[in-house]
Colleague: 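Please find one structure pasted underneath; my questions will follow.
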Amino acid sequence: MIDRYAVIGNPVAHSQSPRIHAMFALALREDVEYGTILGRPGRFADDVKAFRQSGGRGLNVTVPFKLDAFELATQRSERATQAGAVNTLKFDRECVIGDNTDGAGLVRDIQENLGFDIAGKRVLLMGAGGAARGALLPLLAERPMRIAIANRTVTRAQALAARFEPHAAGVALSCGSYEDAGGPFDLVINATSASLSNVLPPLSPDVFAKGALAYDMVYGERARLFLAYSLANGAARAADGLGMLVEQAAESFFLWRGVRPVTLPVLAALRERDAEMTALNAR
Ligand code: NDP
């Protein structure tokens with residue numbers, strides 16, 4: 001039986017994961033099938049069980065099931081434990097292994113694809129939801145000089161800083177409101193969902209240091225407002241989260257299959273398709 005994988009979410013039809021994994025599998029000549037599952041709220045465990053019974057070997061997990069996946073896992077990686085959420089499940093006989101590849105995907109995109117070295121830099125992390133939480137351990141591991149966490153709901157930023165303080169190991173970790181953030185910063189990461197509503201987080205235009213990289217985890221057209229604002233206010237470069245999406249997928253593929261896909265051609269193919277869609281919509 002062919003090894004089956006899928007992404008489970010709700011909604012899920014818009015997901016790029018089947019396309020990304022199909023390209024990985026083709027390039028690596030891995031004989032796998034990758035589909036989508038529209039998960040049912042409150043029935044996550046049942047949906048996963050049915051998938052396993054039909055030959056499922058692993059799942060990518062997206063909104064709103066990352067906490068359900070965390071609960072379901074019988075073994076968790078350190079980064080999943082620290083993120084408090086699971087985006088990748090691997091089924092190994094009776095064992096359900098839970099991992100979180102989002103943060104590693106972010107760091108890989110920033111360092112490898114964008115060529116930005118995080119070590120010694122001043123980082124502003126905006127947001128304190130699941131994506132920010134998943135990013136913190138991999139970011140700290142790169143030894144920036146400081147990380148300031150800014151969030152609209154300040155108590156959530158404080159809780160995040162308290163959770164990761166034991167892992168800071170010499171990195172100055174601070175938290176607070178957007179006004180408290182200080183700056184300037186060499187790397188400004190938008191880990192909020194503000195771009196999905198086409199609004200900016202309330203950041204000061206002074207946060208960008210000379211040569212700064214602005215990064216929005218949201219990708220495509222919806223990241224445009226934040227990226228344009230960043231470039232207009234002193235950022236030297238701006239990137240959306242498409243590379244993060246591809247890199248977290250590659251990390252999942254590696255966990256499942258033991259081989260690491262080459263990501264840049266896949267990223268280029270997705271960008272090309274994006275450009276075609278934009279041109280089509282502009283007609
Ligand atoms: P959550 O819902 O867990 O958290 C949302 C965060 O955004 C909170 O900190 C919230 O602040 C903040 N926020 C929402 N609206 C605004 C606003 N108008 N102004 C300021 N802050 C706001 O979402 P996630 O953490 O899971 O995801 C965040 C984003 O990251 C999403 O847009 C998601 O698409 C993207 N993402 C991208 C990935 C990729 O591979 N590229 C992977 C994972 C996520 P508060 O606490 O005050 O409510």
Side-chain angles (χ1 to χ4, degrees), residues 7-12 14-17 19-21 60-70 79-80 82-88 99-110 113-114 124-139 148-161 163 175-181 188-204 207 214-227 229 238-253 263 266-267 270-271 274:
V7 54
I8 183 167
N10 190 331
V12 77
H14 68 287
S15 175
Q16 300 259 27
S17 294
R19 194 174 151 80
I20 295 171
H21 282 276
N60 280 132
V61 182
T62 187
V63 176
F65 299 117
K66 290 185 185 182
L67 295 182
D68 298 279
F70 184 85
R79 57 194 185 184
Q82 290 309 330
V86 157
N87 80 335
T88 307
D99 198 357
N100 189 313
T101 65
D102 281 339
L106 169 75
V107 166
R108 220 178 156 86
D109 189 37
I110 291 173
N113 300 342
L114 299 169
L124 174 61
L125 181 65
M126 300 187 291
R133 197 161 66 174
L136 266 166
L137 200 63
L139 281 173
I149 306 168
N151 197 44
R152 188 175 58 179
T153 310
V154 174
T155 49
R156 292 187 78 195
Q158 288 166 338
L160 213 55
R163 182 182 180 112
C175 61
S177 67
Y178 285 86
E179 298 87 74
D180 298 337
V188 177
I189 302 172
N190 187 1
T192 77
S193 50
S195 294
L196 297 182
S197 322
N198 204 31
V199 294
L200 288 169
L203 80 166
S204 153
V207 294
Y215 193 101
D216 198 332
M217 289 192 184
V218 169
Y219 53 85
E221 274 299 299
R222 295 181 301 188
R224 189 186 285 255
L225 179 68
F226 172 72
L227 301 183
Y229 176 86
D240 73 354
L242 191 64
M244 173 182 178
L245 183 77
V246 173
E247 293 298 341
Q248 63 79 28
E251 198 75 16
S252 298
F253 197 96
T263 50
V266 174
L267 189 51
L270 292 178
R271 292 252 182 249
D274 248 15

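Basis for what follows: all heavy atoms, side chains included, without hydrogens, waters or symmetry-related copies. Predicted model, so just to flag it, every value in this text is computed and none were measured. As the structure lists them, so they are numbered: ligands from 1, and atoms in each ligand from 1. Just so you know, residue 1 is the first one in the sequence shown, and it goes up from there.
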Colleague: If you look at every heavy atom in L114 and A239, which pair is closest and at what distance?
Modeller: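 Distance-wise, the nearest heavy atoms are CD1-CB, 3.6 Å.
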Colleague: Could you work out, for atom 19 (N) of ligand 1, the closest of M244, R133, M126, R152 by heavy-atom distance?
Modeller: R152
Colleague: Working to the nearest 0.5 angstrom, can you tell me the gap between Q16 CD and L245 CG?
Modeller: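 Here the interatomic distance stands at 6.5 Å.
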Colleague: Hey, is T153 touching ligand 1 through its side chain, its backbone, both or neither, going by heavy atoms under 4.0 Å?
Modeller: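 Near ligand 1, T153 shows its backbone as well as its side chain.
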Colleague: If I compare all heavy atoms of A214 with all of F226, which pair ends up nearest, and what's the gap?
Modeller: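 Reported closest heavy-atom pair: CB-CE2, 4.2 Å.
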Colleague: At what distance, to the nearest 0.5 angstrom, does CD1 of I20 lie from CD of Q248?
Modeller: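 The distance works out to 7.0 Å.
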Colleague: Identify which of R222, E247, M217 has a heavy atom lying nearest to atom 36 (N) of ligand 1.
Modeller: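 That would be M217.
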Colleague: Identify the closest protein heavy atom to atom 3 (O) of ligand 1: which residue and atom is it, and at what distance?
Modeller: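 Here the closest protein heavy atom is G130 N, 3.1 Å.
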Colleague: With a 4.0 Å cut-off, strictly under, does atom 33 (C) of ligand 1 pick up any protein heavy atom?
Modeller: no
Colleague: Could you tell me which atoms of ligand 1, counted from 1 in the order shown, lie closer than 4.0 angstrom to a heavy atom of V199?
Modeller: 18 (N)
Colleague: Look up atom CZ in R222 and atom CG in D240, then write down how far apart they are to the nearest 0.5 Å.
Modeller: 10.5 Å
Colleague: Working to the nearest 0.5 Å, report the span between OH of Y178 and CG of L124.
Modeller: 7.5 Å
Colleague: Using a 4.0 Å cutoff against the non-hydrogen atoms of A128, which atoms of ligand 1 qualify?
Modeller: 9 (O)
Colleague: Short list, please: which atoms of ligand 1 are under 4.0 Å from a heavy atom of V218?
Modeller: 32 (O)
Colleague: Is it the case that ligand 1 has an N or O less than 3.5 angstrom from some N or O of N151?
Modeller: yes
Colleague: For ligand 1, indicate whether the residue A191 contacts it via side chain, backbone, both or neither (heavy-atom separation under 4.0 Å).
Modeller: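 Backbone only.
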Colleague: For the atom pair CG (L125) and SG (C175), what is the distance rounded to the nearest 0.5 Å?
Modeller: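 Those atoms lie 11.5 Å apart.
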Colleague: Would you sort out whether L160 and L136 count as a side-chain contact (heavy atoms from CB on, under 4.5 Å), showing the intermediate values?
Modeller: CA-CA 9 Å; L160 213 55; L136 266 166; 3.5 Å; yes
Colleague: Is L196 close to ligand 1, meaning an N/O of one under 3.5 Å from an N/O of the other?
Modeller: no
Colleague: Which atoms from ligand 1 have a heavy atom of G127 less than 4.0 Å away?
Modeller: 9 (O)
Colleague: Where do R133 and Q82 come nearest, in terms of heavy atoms and distance?
Modeller: CG-O, 4.0 Å
Colleague: Within ligand 1, which atoms have a heavy atom of T192 less than 4.0 Å away?
Modeller: 6 (C), 7 (O), 12 (C), 13 (N), 21 (N), 22 (C), 28 (C), 29 (C), 32 (O)
Colleague: How many angstroms lie between CE in M244 and CZ in R108, if you round to the nearest 0.5 Å?
Modeller: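 Answer rounded to 0.5 Å: 14.0 Å.
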Colleague: I'd like to check whether P202 has a polar contact with ligand 1, where a contact means an N/O of the residue lying under 3.5 Å from an N/O of the ligand.
Modeller: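 No; every N/O pair is 3.5 Å or more apart.
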Colleague: Does a side-chain N-to-carboxylate-O contact under 4.0 Å join K66 and D102?
Modeller: yes
Colleague: Consider every N or O of S193 and every N or O of ligand 1, then say whether any pair is closer than 3.5 Å.
Modeller: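 N/O-N/O distance below 3.5 Å exists for this pair.
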Colleague: Under 4.0 Å from a heavy atom of R156: which atoms of ligand 1 are those, numbered in the order shown and with their elements?
Modeller: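 Matching atoms, with element in brackets: 8 (C), 45 (P), 46 (O), 48 (O).
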Colleague: With heavy-atom distances below 4.0 Å as the criterion, list the atoms of ligand 1 near A131.
Modeller: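 Listed by number with element: 24 (P), 25 (O), 26 (O), 27 (O), 28 (C), 30 (O), 44 (C).
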Colleague: Would you mind running through ligand 1 and noting each atom that sits below 4.0 Å from a heavy atom of G129?
Modeller: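 Listed by number with element, the hits are 3 (O), 4 (O), 9 (O), 25 (O).
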Colleague: Side chain, backbone, both or neither: which part of L245 has a heavy atom under 4.0 Å from ligand 1?
Modeller: both
Colleague: Specify whether the nearest protein heavy atom to atom 9 (O) of ligand 1 is under 4.0 angstrom away.
Modeller: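 Under the 4.0 Å cut-off, atom 9 (O) of ligand 1 does have protein heavy-atom neighbours.
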Colleague: Exactly one of S15, S17, S252 should register a side-chain hydrogen bond (donor to acceptor under 3.5 Å, both in side chains) with N60. Which one does?
Modeller: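 The residue from S15, S17, S252 that satisfies side-chain hydrogen bond (donor to acceptor under 3.5 Å, both in side chains) with N60 turns out to be S252.
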